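All of these numbers come straight from a predicted model, not from anything done at the bench. One-based numbering along the sequence shown.
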Amino acid sequence: MIDTRQLEVFATVARTGSFSAAARELHCTQPAISQQMRALERQVGGPLFVRTGRGLNLTEAGRILAERGAALLDELAATHQQISAIATHDIGTIRICAFPSATVSLVPAAAAILAEERPHLRLELVEEEPPDSFALLRRGAADLLISFSYEGEPQDEAAVAGMLRVPLLREPMALLVPVGHRLAGRGSVSLAETETERWIAGCPRCRHALDQACAEAGFTPDITCSTDDNLAIQSLVSAGLGVALVPRLVLSFLRHPGLTTVDVEACAHRQTALYTWPDLIRLPIVRATVDALITASQRPDV
């Protein structure tokens, strides 16, 4: 491996054309420069300079090292600057992995808070449903993970082993129905009243929660369509193809004029939580992002 200090001295010698000129610029003695260059030549296995009178010319090896070494030193300087900036919390990048309804409600609200408090902070977003999202955090592809589970659902202890969990939301469930539906306008309904309905189901975990809730209400839901696209669910329900069981975050971006919601009695809530590593949350930029997500989760419009 080439010593970066020797590479810096070599770049100065190559630019100034002599050991003595390099010594003056680097505020050291000429013998010290000569010693550094002899050590570098031993490292690369051959001469880097040819003396011509009082000056120096680069050998072919020296010319290649001068060209590529300058680029390496520039890259090292840029890397050092970025690392120093992150260490002093001036800039940084936080990678957030979240499920779809969180990326269109909770994450933007938190990003707006961070934009005011830490304008140089960069957010990178990855969309993934649990349980696959936990693998992204475990292999270092994300710094923070926003995931959900349903009450009564067993926790995969192996997936979250060693992670720090921060609760964000406990979301009540609602029935999504077309305007004009027989249940529209009701203050609340029991799931037993929906036994004859057709259903639009969500992602596999959401569909399992729907099956479980309906089983507790004494029936098996007639699921006509399943999709993990929340906008597609809204359109399918509006078209009269079925009703859907949705959590609070989905309601925060409910914009379809042909839809309305009805509260569901005695239905298990969905729990949304943030996961990260204990060491990461000690970093101020990570702590600030977590705090912004907590604040965003407490807003009534999320």
(request) Verify, without hydrogens or angle tests, whether T59 (side chain) and P47 (backbone) share a donor-acceptor contact under 3.5 angstrom. (result) yes

(message) Between L121 and L280, is there shared hydrophobic-cluster membership here, with clusters defined by ILVMFWY side-chain heavy atoms closer than 4.5 Å?
(response) yes

(request) Answer yes or no: is there a side-chain heavy-atom contact under 4.5 Å between R170 and E151? (result) yes

(request) Sequence neighbours left out, what passes side-chain hydrogen bond (donor to acceptor under 3.5 Å, both in side chains) with T29? Give chain and number order. (result) none

(request) Output every pair passing ring-ring contact (aromatic ring centres under 6.0 Å, His included) with a member in residues 195-226, not counting sequence neighbours, ordered by first then second residue. (result) none

(request) Could you tell me whether R182 and E193 have a side-chain N and a carboxylate O separated by less than 4.0 Å? (result) no

(request) Work out which heavy atom in G202 is nearest to a heavy atom in I233; give both atom names and the distance. (result) CA-CD1, 4.0 Å

(message) Taking side-chain hydrogen bond (donor to acceptor under 3.5 Å, both in side chains) as the definition, give me every residue that meets it alongside S235, ordered by chain and number, with sequence neighbours left out.
(response) none

(message) Is there a side-chain hydrogen bond (donor to acceptor under 3.5 Å, both in side chains) between S188 and E265? Walk through the geometry before answering.
(response) CA-CA 6 Å; S188 64; E265 302 167 359; 2.8 Å; yes

(request) Spell out, yes or no, whether L183 and V264 are grouped together once hydrophobic residues are joined by side-chain heavy atoms under 4.5 Å, including indirect joins. (result) yes

(message) As an exercise, state the distance from CG of L145 to CZ of R95, rounded to the nearest 0.5 Å.
(response) 12.5 Å

(request) Please examine the side chains of F10 and L58, heavy atoms only from C-beta on, and report whether any two atoms are closer than 4.5 Å. (result) yes

(message) How long is the straight-line distance from CG of L137 back to CD1 of I96, given to the nearest 0.5 Å?
(response) 12.0 Å

(request) Check M173 against A268 and note the closest heavy-atom contact, atom names and distance. (result) CG-O, 3.2 Å

(request) Can you sort out the partners of E171 under side-chain hydrogen bond (donor to acceptor under 3.5 Å, both in side chains), two or more places apart, ordered by chain and number? (result) R270, T272

(request) Keeping to residues at least two apart or across chains, list the ring-ring contact (aromatic ring centres under 6.0 Å, His included) pairs with something in residues 143-176. (result) F99-F148, F148-Y150

(request) Inspect the contact between R38 and E41 and indicate whether a charged nitrogen and a carboxylate oxygen are less than 4.0 angstrom apart. (result) no

(request) Could you tell me which residues satisfy ring pair (Phe, Tyr, Trp, His ring centres under 6.0 Å) with F19, sequence neighbours excluded, listed by chain and number? (result) F49

(message) Test: ring-ring contact (aromatic ring centres under 6.0 Å, His included). Region: residues 228-250. Which pairs qualify, not counting sequence neighbours?
(response) none

(message) Suppose the criterion is side chain to side chain donor-acceptor pair (under 3.5 Å): which pairs have a residue in residues 275-291, not counting sequence neighbours?
(response) R165-Y275, D279-R282, R287-D291

(message) Are M37 and L48 packed together at the side-chain level, in the sense that at least one heavy-atom pair is separated by less than 4.5 angstrom?
(response) no

(message) Are M163 and S147 packed together at the side-chain level, in the sense that at least one heavy-atom pair is separated by less than 4.5 angstrom?
(response) no

(message) With a 4.5 Å cut-off on side-chain heavy-atom distances among I, L, V, M, F, W and Y, is there a chain of contacts connecting L293 to L164?
(response) yes

(request) Decide yes or no for E129 and R205: does some side-chain heavy atom of the first lie under 4.5 Å from some side-chain heavy atom of the second? (result) no

(request) Would you name the heavy atoms of G162 and P278 that are closest together and state the gap between them? (result) O-CD, 3.3 Å

(message) My understanding is that only residues two or more places apart in sequence, or in another chain, count here; which of them pass side chain to side chain contact (heavy atoms under 4.5 Å, CB included) with Q298?
(response) I294

(message) Suppose the criterion is side chain to side chain donor-acceptor pair (under 3.5 Å): which pairs have a residue in residues 104-117, not counting sequence neighbours?
(response) none

(message) Tell me which pairs pass side chain to side chain donor-acceptor pair (under 3.5 Å) where either residue lies in residues 222-231, with sequence neighbours left out.
(response) R207-S226

(message) Applying a strict under-4.5 Å side-chain criterion to I, L, V, M, F, W and Y, I'd like to know whether I281 and I113 cluster together.
(response) no

(request) Identify the two heavy atoms, one from V237 and one from P178, that lie closest to each other, and give their separation to 0.1 Å. (result) O-CG, 3.1 Å

(message) I need the I200 CD1 to L245 CG distance, nearest 0.5 Å.
(response) 12.5 Å

(message) Closer than 3.5 angstrom, by distance alone: can the side chain of R198 be matched with the main-chain N or O of C225 as a donor-acceptor pair?
(response) no

(message) What's the separation between atom SG in C214 and atom CD in E197, rounded to the nearest 0.5 Å?
(response) 11.0 Å

(message) Count I, L, V, M, F, W, Y as connected when their side-chain heavy atoms are under 4.5 Å apart, and connections chain through other members. Are V286 and L136 then in the same cluster?
(response) no

(request) Show your reasoning for whether side-chain contact (heavy atoms from CB on, under 4.5 Å) applies to L40 and L65. (result) CA-CA 11 Å; L40 181 58; L65 184 60; 4.1 Å; yes

(request) Might you confirm whether atom CD of E124 has over 12 heavy atoms from other residues, nucleotides or ligands at distances under 6.0 Å? (result) yes

(message) Tell me whether R68 at atom CZ has more than 12 heavy atoms from other residues, nucleotides or ligands lying less than 6.0 Å away.
(response) no

(message) side-chain contact (heavy atoms from CB on, under 4.5 Å) for Q43 and D3? Distances and angles first, verdict last.
(response) CA-CA 9 Å; Q43 284 277 20; D3 187 296; 5.6 Å; no

(message) Looking at every heavy atom in both A217 and L191, which two are closest together, and how far apart are they?
(response) CB-CB, 3.8 Å

(request) Work out which heavy atom in A296 is nearest to a heavy atom in A109; give both atom names and the distance. (result) CB-CB, 3.7 Å

(message) Show, in sequence, the C-alpha distance, side-chain angles and deciding distance for Q36 and I33, and conclude whether the side-chain contact (heavy atoms from CB on, under 4.5 Å) test is met.
(response) CA-CA 5 Å; Q36 291 272 18; I33 298 294; 5.8 Å; no

(request) Dump the intermediate steps for side-chain contact (heavy atoms from CB on, under 4.5 Å) on D211 and I223, then the final yes or no. (result) CA-CA 9 Å; D211 286 335; I223 297 175; 3.7 Å; yes

(message) Once side-chain hydrogen bond (donor to acceptor under 3.5 Å, both in side chains) is applied, do any residues pair with T103, and if so which ones, sequence neighbours excluded?
(response) E127

(request) Kindly compute the distance separating OG (S190) from CG (D263), expressed to the nearest 0.5 Å. (result) 12.5 Å

(request) Measure the spacing between CG of L106 and CZ of R248 and express it to the nearest 0.5 Å. (result) 9.0 Å

